[in-house]
Amino acid sequence: MHFKFKAFLFLLAASMLVVACSEDEPAWKKNQREQNEQNNNNQQGGGDEPVNFTGLRVKGRWFVDDQGVRHNLHGFAQTYSPWFNEQGSKWSNYDVAACLRYNRGLIDDIIKRGWKMDFVRLHMDPYWSNIPGEPTTGESDIHAFDFERFKTYLDKVFIPMAEYIISKGMYVIMRPPGVCPDQISYEGSYYNYLKKVWTHVASHDKLRNNGYVMFELCNEPVQICDDNGNPINNWDGTPSVVEARGKQLQKFMQGITDAIREYADNIVLVPGLHYQMLYKTFEKYPVKGDNIGYAVHCYPGWYNSGYDSEVQVVYDEFKAGWDAEIMPIGRKAPIVVTEMDWAPEKYNASWGKAITGVAGGNGFGANFMKICDDNYNISWLLFTGPEWLAKYDDAAPDGNSFLTDPEACPRPVYRKYLEYATEEYRAKINAY
(Lines give C-alpha, C1' and ligand atoms only; values in the text may rest on other atoms or scores of the structure.)
Protein backbone atom coordinates (compact mmCIF):
# COMPACT_ATOMS: atom_id res chain seq x y z
CA MET A 1 0.00 0.00 0.00
CA HIS A 2 1.27 3.46 -0.88
CA PHE A 3 2.83 5.27 2.10
CA LYS A 4 0.76 8.46 1.71
CA PHE A 5 -2.46 6.44 1.52
CA LYS A 6 -1.50 4.46 4.65
CA ALA A 7 -0.79 7.74 6.43
CA PHE A 8 -4.17 9.07 5.35
CA LEU A 9 -5.92 5.96 6.71
CA PHE A 10 -4.01 6.26 9.98
CA LEU A 11 -5.05 9.89 10.44
CA LEU A 12 -8.63 9.05 9.53
CA ALA A 13 -8.72 6.23 12.10
CA ALA A 14 -7.16 8.46 14.74
CA SER A 15 -9.72 11.18 14.14
CA MET A 16 -12.54 8.66 14.34
CA LEU A 17 -11.12 7.38 17.64
CA VAL A 18 -11.03 10.90 19.06
CA VAL A 19 -14.63 11.44 18.04
CA ALA A 20 -15.65 8.12 19.58
CA CYS A 21 -13.82 8.91 22.83
CA SER A 22 -15.42 12.34 23.06
CA GLU A 23 -18.85 10.81 22.48
CA ASP A 24 -18.22 8.35 25.34
CA GLU A 25 -16.79 11.01 27.62
CA PRO A 26 -18.84 11.35 30.83
CA ALA A 27 -20.73 14.61 31.20
CA TRP A 28 -18.77 15.64 34.30
CA LYS A 29 -15.43 14.99 32.60
CA LYS A 30 -16.39 16.90 29.47
CA ASN A 31 -17.58 19.81 31.62
CA GLN A 32 -14.36 19.86 33.62
CA ARG A 33 -12.15 19.60 30.54
CA GLU A 34 -13.97 22.53 28.96
CA GLN A 35 -13.84 24.46 32.23
CA ASN A 36 -10.09 23.91 32.46
CA GLU A 37 -9.64 25.13 28.92
CA GLN A 38 -11.74 28.24 29.56
CA ASN A 39 -10.29 29.14 32.94
CA ASN A 40 -6.55 28.72 32.56
CA ASN A 41 -6.13 32.33 33.64
CA ASN A 42 -8.24 31.95 36.79
CA GLN A 43 -6.70 31.40 40.19
CA GLN A 44 -6.87 28.01 41.93
CA GLY A 45 -8.38 28.31 45.40
CA GLY A 46 -7.17 31.89 45.67
CA GLY A 47 -3.64 30.78 44.82
CA ASP A 48 -1.33 31.50 41.93
CA GLU A 49 -1.98 28.39 39.84
CA PRO A 50 -4.48 28.03 36.97
CA VAL A 51 -7.74 26.13 37.45
CA ASN A 52 -6.47 22.99 35.78
CA PHE A 53 -6.39 20.09 38.19
CA THR A 54 -7.16 16.40 37.93
CA GLY A 55 -9.43 14.00 39.75
CA LEU A 56 -8.31 12.00 42.76
CA ARG A 57 -8.28 8.34 43.70
CA VAL A 58 -7.02 6.40 46.71
CA LYS A 59 -3.68 4.62 46.61
CA GLY A 60 -2.78 3.02 49.91
CA ARG A 61 -3.17 5.68 52.60
CA TRP A 62 -3.03 8.60 50.15
CA PHE A 63 -5.18 10.63 47.81
CA VAL A 64 -3.34 10.75 44.48
CA ASP A 65 -4.07 12.50 41.19
CA ASP A 66 -3.77 11.24 37.62
CA GLN A 67 0.02 11.63 37.76
CA GLY A 68 0.31 9.73 41.05
CA VAL A 69 1.06 12.92 43.02
CA ARG A 70 -0.12 12.80 46.63
CA HIS A 71 -2.55 15.37 47.97
CA ASN A 72 -3.65 16.48 51.40
CA LEU A 73 -6.76 18.64 51.21
CA HIS A 74 -7.71 21.66 53.30
CA GLY A 75 -11.00 23.51 53.08
CA PHE A 76 -14.31 24.55 54.60
CA ALA A 77 -17.98 23.54 54.59
CA GLN A 78 -21.20 24.91 53.19
CA THR A 79 -24.81 23.98 53.81
CA TYR A 80 -27.67 25.29 51.73
CA SER A 81 -30.64 26.30 53.87
CA PRO A 82 -31.86 29.73 54.99
CA TRP A 83 -31.11 29.00 58.65
CA PHE A 84 -27.53 27.91 58.07
CA ASN A 85 -27.06 30.85 55.71
CA GLU A 86 -26.95 33.49 58.46
CA GLN A 87 -30.16 32.51 60.25
CA GLY A 88 -32.53 33.19 57.39
CA SER A 89 -31.39 36.78 56.82
CA LYS A 90 -30.12 36.24 53.25
CA TRP A 91 -32.79 34.26 51.40
CA SER A 92 -35.87 32.11 52.01
CA ASN A 93 -38.89 30.39 50.43
CA TYR A 94 -37.01 27.83 48.33
CA ASP A 95 -35.50 30.62 46.25
CA VAL A 96 -32.95 28.68 44.17
CA ALA A 97 -31.45 31.71 42.45
CA ALA A 98 -30.95 33.56 45.74
CA CYS A 99 -29.41 30.48 47.39
CA LEU A 100 -26.95 30.00 44.55
CA ARG A 101 -26.10 33.69 44.37
CA TYR A 102 -25.43 33.94 48.10
CA ASN A 103 -23.34 30.78 48.40
CA ARG A 104 -21.35 31.36 45.23
CA GLY A 105 -20.71 34.87 46.48
CA LEU A 106 -19.29 33.49 49.72
CA ILE A 107 -16.89 31.28 47.77
CA ASP A 108 -15.79 34.25 45.70
CA ASP A 109 -15.26 36.36 48.81
CA ILE A 110 -13.30 33.62 50.56
CA ILE A 111 -11.00 33.34 47.56
CA LYS A 112 -10.60 37.12 47.38
CA ARG A 113 -9.57 37.13 51.02
CA GLY A 114 -6.63 34.91 50.09
CA TRP A 115 -7.70 31.65 51.71
CA LYS A 116 -5.85 28.70 50.18
CA MET A 117 -8.64 26.16 49.98
CA ASP A 118 -8.79 22.98 47.92
CA PHE A 119 -12.05 21.32 48.98
CA VAL A 120 -15.56 22.09 50.21
CA ARG A 121 -17.83 19.80 52.21
CA LEU A 122 -21.24 20.22 50.57
CA HIS A 123 -24.30 19.41 52.66
CA MET A 124 -27.34 18.39 50.60
CA ASP A 125 -29.50 19.99 53.28
CA PRO A 126 -32.95 18.46 53.99
CA TYR A 127 -34.50 21.91 53.70
CA TRP A 128 -34.80 21.14 50.00
CA SER A 129 -35.84 17.48 50.15
CA ASN A 130 -38.33 17.55 53.03
CA ILE A 131 -42.02 18.16 52.33
CA PRO A 132 -42.57 21.89 53.01
CA GLY A 133 -44.41 22.51 56.26
CA GLU A 134 -44.19 18.90 57.42
CA PRO A 135 -43.08 18.99 61.08
CA THR A 136 -40.07 16.90 62.12
CA THR A 137 -38.26 16.22 65.35
CA GLY A 138 -34.95 17.37 63.85
CA GLU A 139 -32.46 16.65 61.10
CA SER A 140 -32.38 12.94 61.90
CA ASP A 141 -36.12 12.57 61.29
CA ILE A 142 -36.53 11.28 57.72
CA HIS A 143 -40.30 10.79 57.63
CA ALA A 144 -40.72 14.12 55.77
CA PHE A 145 -38.13 13.18 53.12
CA ASP A 146 -39.52 13.35 49.59
CA PHE A 147 -37.42 11.57 46.97
CA GLU A 148 -38.80 13.54 44.03
CA ARG A 149 -37.92 16.80 45.75
CA PHE A 150 -34.44 15.45 46.43
CA LYS A 151 -33.94 14.60 42.75
CA THR A 152 -35.21 18.02 41.70
CA TYR A 153 -32.94 20.01 43.98
CA LEU A 154 -29.94 17.79 43.42
CA ASP A 155 -30.14 19.09 39.85
CA LYS A 156 -31.09 22.67 40.73
CA VAL A 157 -28.97 23.40 43.82
CA PHE A 158 -26.40 20.80 44.81
CA ILE A 159 -24.90 19.91 41.43
CA PRO A 160 -24.71 23.57 40.31
CA MET A 161 -22.90 24.37 43.56
CA ALA A 162 -20.57 21.39 43.12
CA GLU A 163 -19.76 22.49 39.58
CA TYR A 164 -19.09 26.03 40.75
CA ILE A 165 -16.75 24.79 43.49
CA ILE A 166 -14.85 22.61 41.02
CA SER A 167 -14.59 25.52 38.60
CA LYS A 168 -12.67 27.36 41.33
CA GLY A 169 -10.11 24.57 41.61
CA MET A 170 -11.54 22.80 44.66
CA TYR A 171 -12.75 19.26 45.23
CA VAL A 172 -16.18 18.48 46.68
CA ILE A 173 -17.19 16.15 49.51
CA MET A 174 -20.95 15.57 49.37
CA ARG A 175 -22.86 14.50 52.47
CA PRO A 176 -26.47 13.30 52.48
CA PRO A 177 -29.38 15.32 53.87
CA GLY A 178 -29.46 15.60 57.63
CA VAL A 179 -27.82 13.57 60.37
CA CYS A 180 -28.05 10.00 61.62
CA PRO A 181 -30.59 9.03 64.27
CA ASP A 182 -29.23 7.91 67.62
CA GLN A 183 -29.37 4.26 66.54
CA ILE A 184 -28.82 2.77 63.09
CA SER A 185 -29.13 -0.81 61.93
CA TYR A 186 -28.30 -2.85 58.86
CA GLU A 187 -31.32 -2.95 56.54
CA GLY A 188 -33.20 -0.59 58.89
CA SER A 189 -35.12 2.48 57.73
CA TYR A 190 -32.15 4.84 57.82
CA TYR A 191 -29.97 2.32 56.01
CA ASN A 192 -32.58 2.06 53.24
CA TYR A 193 -32.86 5.85 53.12
CA LEU A 194 -29.11 6.21 52.60
CA LYS A 195 -29.11 3.53 49.91
CA LYS A 196 -31.87 5.35 48.04
CA VAL A 197 -30.11 8.72 48.23
CA TRP A 198 -26.68 7.41 47.27
CA THR A 199 -27.95 5.16 44.48
CA HIS A 200 -29.46 8.19 42.78
CA VAL A 201 -26.43 10.41 43.40
CA ALA A 202 -23.96 7.75 42.25
CA SER A 203 -25.90 7.04 39.06
CA HIS A 204 -26.13 10.72 38.06
CA ASP A 205 -24.21 11.48 34.86
CA LYS A 206 -22.62 14.59 36.36
CA LEU A 207 -21.42 12.82 39.51
CA ARG A 208 -20.81 9.19 38.53
CA ASN A 209 -17.08 8.27 38.43
CA ASN A 210 -16.26 11.92 39.05
CA GLY A 211 -12.77 12.18 40.48
CA TYR A 212 -13.49 15.68 41.79
CA VAL A 213 -16.41 14.54 43.96
CA MET A 214 -16.23 12.33 47.07
CA PHE A 215 -19.16 10.84 48.98
CA GLU A 216 -19.26 11.01 52.80
CA LEU A 217 -21.69 8.18 53.53
CA CYS A 218 -23.55 9.78 56.44
CA ASN A 219 -23.16 12.35 59.18
CA GLU A 220 -22.42 11.43 62.79
CA PRO A 221 -23.77 7.93 63.36
CA VAL A 222 -24.01 7.34 67.09
CA GLN A 223 -24.76 3.70 67.90
CA ILE A 224 -25.03 0.56 65.74
CA CYS A 225 -27.61 -2.14 66.45
CA ASP A 226 -27.33 -5.90 66.21
CA ASP A 227 -29.45 -7.97 63.84
CA ASN A 228 -32.29 -7.96 66.38
CA GLY A 229 -32.35 -4.19 66.60
CA ASN A 230 -30.63 -3.96 69.97
CA PRO A 231 -28.04 -1.15 70.31
CA ILE A 232 -24.46 -2.28 70.93
CA ASN A 233 -22.67 -0.34 73.65
CA ASN A 234 -19.96 1.94 72.20
CA TRP A 235 -17.74 1.84 75.29
CA ASP A 236 -17.93 -1.80 76.34
CA GLY A 237 -14.46 -3.25 75.81
CA THR A 238 -15.51 -6.86 76.23
CA PRO A 239 -13.95 -8.68 73.26
CA SER A 240 -17.24 -10.19 72.14
CA VAL A 241 -18.94 -6.76 72.23
CA VAL A 242 -16.09 -5.13 70.33
CA GLU A 243 -16.31 -7.89 67.70
CA ALA A 244 -20.05 -7.50 67.35
CA ARG A 245 -19.77 -3.72 67.07
CA GLY A 246 -17.05 -3.91 64.41
CA LYS A 247 -18.87 -6.52 62.31
CA GLN A 248 -22.20 -4.67 62.38
CA LEU A 249 -20.63 -1.31 61.51
CA GLN A 250 -18.71 -2.85 58.64
CA LYS A 251 -21.85 -4.56 57.35
CA PHE A 252 -23.81 -1.29 57.44
CA MET A 253 -21.14 0.84 55.73
CA GLN A 254 -20.19 -1.90 53.27
CA GLY A 255 -23.80 -2.19 52.15
CA ILE A 256 -24.05 1.53 51.38
CA THR A 257 -20.68 1.47 49.65
CA ASP A 258 -21.66 -1.54 47.54
CA ALA A 259 -24.84 0.26 46.47
CA ILE A 260 -22.70 3.17 45.25
CA ARG A 261 -20.28 0.80 43.52
CA GLU A 262 -23.04 -0.54 41.32
CA TYR A 263 -22.80 2.81 39.52
CA ALA A 264 -19.70 4.76 40.49
CA ASP A 265 -16.08 4.52 41.62
CA ASN A 266 -15.99 7.91 43.39
CA ILE A 267 -13.95 8.06 46.58
CA VAL A 268 -16.15 7.03 49.52
CA LEU A 269 -15.49 8.43 53.00
CA VAL A 270 -16.68 6.17 55.82
CA PRO A 271 -17.77 7.65 59.17
CA GLY A 272 -17.23 6.09 62.58
CA LEU A 273 -19.58 5.74 65.54
CA HIS A 274 -20.29 8.17 68.38
CA TYR A 275 -20.50 11.26 66.19
CA GLN A 276 -17.54 10.18 64.03
CA MET A 277 -15.17 9.61 66.91
CA LEU A 278 -14.65 5.81 67.02
CA TYR A 279 -12.60 4.06 64.32
CA LYS A 280 -10.55 1.36 66.02
CA THR A 281 -12.83 -1.50 64.90
CA PHE A 282 -12.17 -0.61 61.25
CA GLU A 283 -8.63 -1.94 61.64
CA LYS A 284 -10.00 -5.50 61.75
CA TYR A 285 -13.26 -4.85 59.91
CA PRO A 286 -12.55 -2.20 57.24
CA VAL A 287 -14.89 -1.34 54.42
CA LYS A 288 -13.56 -3.28 51.45
CA GLY A 289 -12.89 -2.15 47.91
CA ASP A 290 -11.07 0.59 46.04
CA ASN A 291 -11.21 4.33 46.69
CA ILE A 292 -12.07 4.09 50.38
CA GLY A 293 -11.15 6.73 52.97
CA TYR A 294 -12.53 7.66 56.38
CA ALA A 295 -14.32 10.84 57.54
CA VAL A 296 -13.48 11.88 61.12
CA HIS A 297 -14.81 14.64 63.35
CA CYS A 298 -12.66 16.31 65.99
CA TYR A 299 -13.66 18.88 68.61
CA PRO A 300 -12.14 20.05 71.88
CA GLY A 301 -12.76 17.37 74.50
CA TRP A 302 -12.49 14.47 72.05
CA TYR A 303 -9.63 11.95 71.99
CA ASN A 304 -8.52 12.87 75.52
CA SER A 305 -8.07 16.49 74.48
CA GLY A 306 -9.68 17.93 77.62
CA TYR A 307 -13.34 18.62 78.36
CA ASP A 308 -14.99 22.06 78.17
CA SER A 309 -11.61 23.63 78.69
CA GLU A 310 -10.05 26.59 76.94
CA VAL A 311 -6.59 25.90 78.33
CA GLN A 312 -5.85 22.41 79.59
CA VAL A 313 -5.68 20.51 76.34
CA VAL A 314 -2.41 18.62 76.74
CA TYR A 315 -0.57 17.49 73.60
CA ASP A 316 0.68 14.14 74.89
CA GLU A 317 -2.79 13.11 76.08
CA PHE A 318 -4.48 14.37 72.92
CA LYS A 319 -1.99 12.55 70.66
CA ALA A 320 -2.34 9.33 72.65
CA GLY A 321 -6.12 9.44 72.31
CA TRP A 322 -5.91 10.20 68.58
CA ASP A 323 -3.33 7.48 67.95
CA ALA A 324 -5.39 4.89 69.81
CA GLU A 325 -8.68 5.56 68.00
CA ILE A 326 -7.86 7.06 64.59
CA MET A 327 -4.46 5.80 63.52
CA PRO A 328 -5.31 2.07 63.42
CA ILE A 329 -7.19 2.89 60.21
CA GLY A 330 -5.17 6.04 59.43
CA ARG A 331 -2.13 3.87 58.81
CA LYS A 332 -4.03 2.08 56.05
CA ALA A 333 -6.28 4.68 54.40
CA PRO A 334 -6.57 8.46 53.96
CA ILE A 335 -8.37 10.41 56.66
CA VAL A 336 -10.43 13.56 56.17
CA VAL A 337 -11.51 15.54 59.22
CA THR A 338 -14.85 16.89 57.98
CA GLU A 339 -15.75 18.86 61.12
CA MET A 340 -13.35 20.79 63.39
CA ASP A 341 -13.06 24.27 64.83
CA TRP A 342 -12.29 26.07 68.07
CA ALA A 343 -12.40 29.48 69.74
CA PRO A 344 -12.78 30.94 73.22
CA GLU A 345 -16.40 30.63 74.31
CA LYS A 346 -16.80 34.39 74.73
CA TYR A 347 -16.95 34.87 70.95
CA ASN A 348 -19.97 32.58 70.47
CA ALA A 349 -18.74 31.92 66.94
CA SER A 350 -17.53 28.32 66.91
CA TRP A 351 -18.77 24.84 67.69
CA GLY A 352 -15.65 23.91 69.66
CA LYS A 353 -14.69 25.92 72.76
CA ALA A 354 -10.93 26.05 73.27
CA ILE A 355 -7.80 28.06 72.54
CA THR A 356 -5.06 27.63 69.94
CA GLY A 357 -2.30 27.22 72.51
CA VAL A 358 1.18 25.98 71.63
CA ALA A 359 2.04 22.95 69.53
CA GLY A 360 3.42 20.24 71.78
CA GLY A 361 2.13 22.04 74.87
CA ASN A 362 -1.32 23.10 76.04
CA GLY A 363 -4.23 24.15 73.84
CA PHE A 364 -6.40 22.48 71.22
CA GLY A 365 -5.81 24.18 67.85
CA ALA A 366 -2.03 24.11 67.59
CA ASN A 367 -1.95 20.52 68.82
CA PHE A 368 -4.63 19.41 66.37
CA MET A 369 -2.62 20.85 63.50
CA LYS A 370 0.59 19.26 64.80
CA ILE A 371 -1.07 15.84 64.98
CA CYS A 372 -2.29 16.20 61.41
CA ASP A 373 1.08 17.39 60.15
CA ASP A 374 3.00 14.61 61.89
CA ASN A 375 0.76 11.94 60.34
CA TYR A 376 0.97 13.38 56.79
CA ASN A 377 -2.10 11.70 55.25
CA ILE A 378 -4.75 13.63 57.19
CA SER A 379 -6.80 16.19 55.29
CA TRP A 380 -9.02 18.57 57.23
CA LEU A 381 -11.35 21.53 57.10
CA LEU A 382 -12.36 24.47 59.22
CA PHE A 383 -16.04 24.06 60.15
CA THR A 384 -16.44 27.73 61.07
CA GLY A 385 -19.27 29.32 59.08
CA PRO A 386 -18.13 30.54 55.64
CA GLU A 387 -19.71 33.93 56.31
CA TRP A 388 -16.96 34.43 58.91
CA LEU A 389 -14.21 33.24 56.57
CA ALA A 390 -15.43 35.63 53.87
CA LYS A 391 -14.82 38.58 56.24
CA TYR A 392 -11.36 37.60 57.43
CA ASP A 393 -8.59 40.19 56.94
CA ASP A 394 -5.09 38.90 57.63
CA ALA A 395 -3.71 42.44 57.51
CA ALA A 396 -5.76 43.45 60.55
CA PRO A 397 -3.72 43.56 63.76
CA ASP A 398 -4.19 40.95 66.47
CA GLY A 399 -7.12 41.88 68.65
CA ASN A 400 -9.92 40.76 70.91
CA SER A 401 -12.38 39.45 68.33
CA PHE A 402 -13.10 36.09 66.73
CA LEU A 403 -11.39 37.10 63.47
CA THR A 404 -8.34 38.79 65.04
CA ASP A 405 -7.60 36.79 68.18
CA PRO A 406 -4.77 34.27 67.52
CA GLU A 407 -6.39 31.99 70.13
CA ALA A 408 -9.45 31.57 67.86
CA CYS A 409 -9.25 29.37 64.79
CA PRO A 410 -9.52 31.74 61.77
CA ARG A 411 -6.14 33.47 62.12
CA PRO A 412 -3.89 30.43 62.75
CA VAL A 413 -5.77 28.30 60.21
CA TYR A 414 -5.58 30.97 57.51
CA ARG A 415 -1.81 31.10 57.95
CA LYS A 416 -1.50 27.33 58.17
CA TYR A 417 -3.35 26.98 54.87
CA LEU A 418 -0.83 29.36 53.31
CA GLU A 419 1.92 26.99 54.40
CA TYR A 420 0.08 23.98 52.95
CA ALA A 421 -0.16 25.71 49.57
CA THR A 422 3.62 26.01 49.18
CA GLU A 423 5.72 23.82 46.93
CA GLU A 424 7.87 22.94 49.94
CA TYR A 425 4.92 21.39 51.75
CA ARG A 426 3.75 19.50 48.65
CA ALA A 427 7.26 18.16 48.13
CA LYS A 428 7.40 17.00 51.75
CA ILE A 429 4.14 15.08 51.41
CA ASN A 430 5.34 13.35 48.28
CA ALA A 431 8.75 12.51 49.75
CA TYR A 432 7.34 10.96 52.91
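Numbers here are sequence positions counted from 1. From a predicted model like this one, the values you see are computed outputs, not experimental measurements.
With hydrogens and angles left out, the side-chain atoms of Asn72 and Tyr425 include a donor and acceptor closer than 3.5 Å. Side-chain polar atoms of His274 and Gln223 form no donor-acceptor pair below 3.5 angstrom. Side-chain contact, Glu339 with Tyr299: a donor N or O sits under 3.5 Å from an acceptor N or O. Using a 3.5 Å distance cut-off with no hydrogens or angles, the side chains of Gln78 and Tyr80 do pair a donor with an acceptor. Counting only N and O atoms by type, the side chains of Arg121 and Asn219 include a donor and acceptor under 3.5 Å apart. Residues Asp65 and His71 bring a donor and an acceptor atom of their side chains to less than 3.5 Å of each other. Using modelled atom types, one finds no donor on one side chain facing an acceptor on the other under 3.5 Å when comparing Asn291 with Arg57. Asp258 and Gln254 share a donor-acceptor pair across their side chains, judged by distance under 3.5 Å alone.
Cation-pi geometry between Arg113 and Tyr392 is not met at under 6.0 angstrom from the ring centre and within 45 degrees of the axis.
Ring planes of Phe318 and Phe364: parallel class, angle under 30° (limits at 30 and 60°). Using cut-offs of 30° and 60° on the angle between ring planes, the pair Tyr420 and His74 is parallel.
The residues Arg415 and Asp394 are annotated as salt-bridged, a charged nitrogen and a carboxylate oxygen being separated by less than 4.0 angstrom. A salt bridge links Asp227 to Lys251: one of the charged nitrogens lies within less than 4.0 Å of a carboxylate oxygen. A salt bridge links Glu243 with Lys284: the closest approach of a Lys/Arg side-chain nitrogen to an acidic carboxylate oxygen falls below 4.0 angstrom.
When all heavy atoms of Pro406 and Thr356 are compared, the pair lying nearest together is O-OG1, 2.7 Å.
Within 6.0 Å of NZ in Lys151 there are more than 12 heavy atoms belonging to other residues, nucleotides or ligands. More than 12 heavy atoms of other shown residues, nucleotides or ligands fall within 6.0 angstrom of atom CG in Asn230.
Partner of Tyr153 under the ring-ring contact (aromatic ring centres under 6.0 Å, His included) criterion, out of Tyr127, Trp128, Phe145, Phe158: Trp128 alone.
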Check your understanding: Do Lys370 and Asp374 pass the salt bridge (Lys or Arg N to Asp or Glu O under 4.0 Å) test, and can you show the C-alpha distance, the side-chain angles, and the key distance before you say yes or no?
Key -> CA-CA 6 Å; Lys370 176 174 172 56; Asp374 289 348; 3.2 Å; yes

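Of the possible donor and acceptor atoms, none in the side chain of Gln276 sits under 3.5 Å from a partner among the backbone N and O of Pro271.
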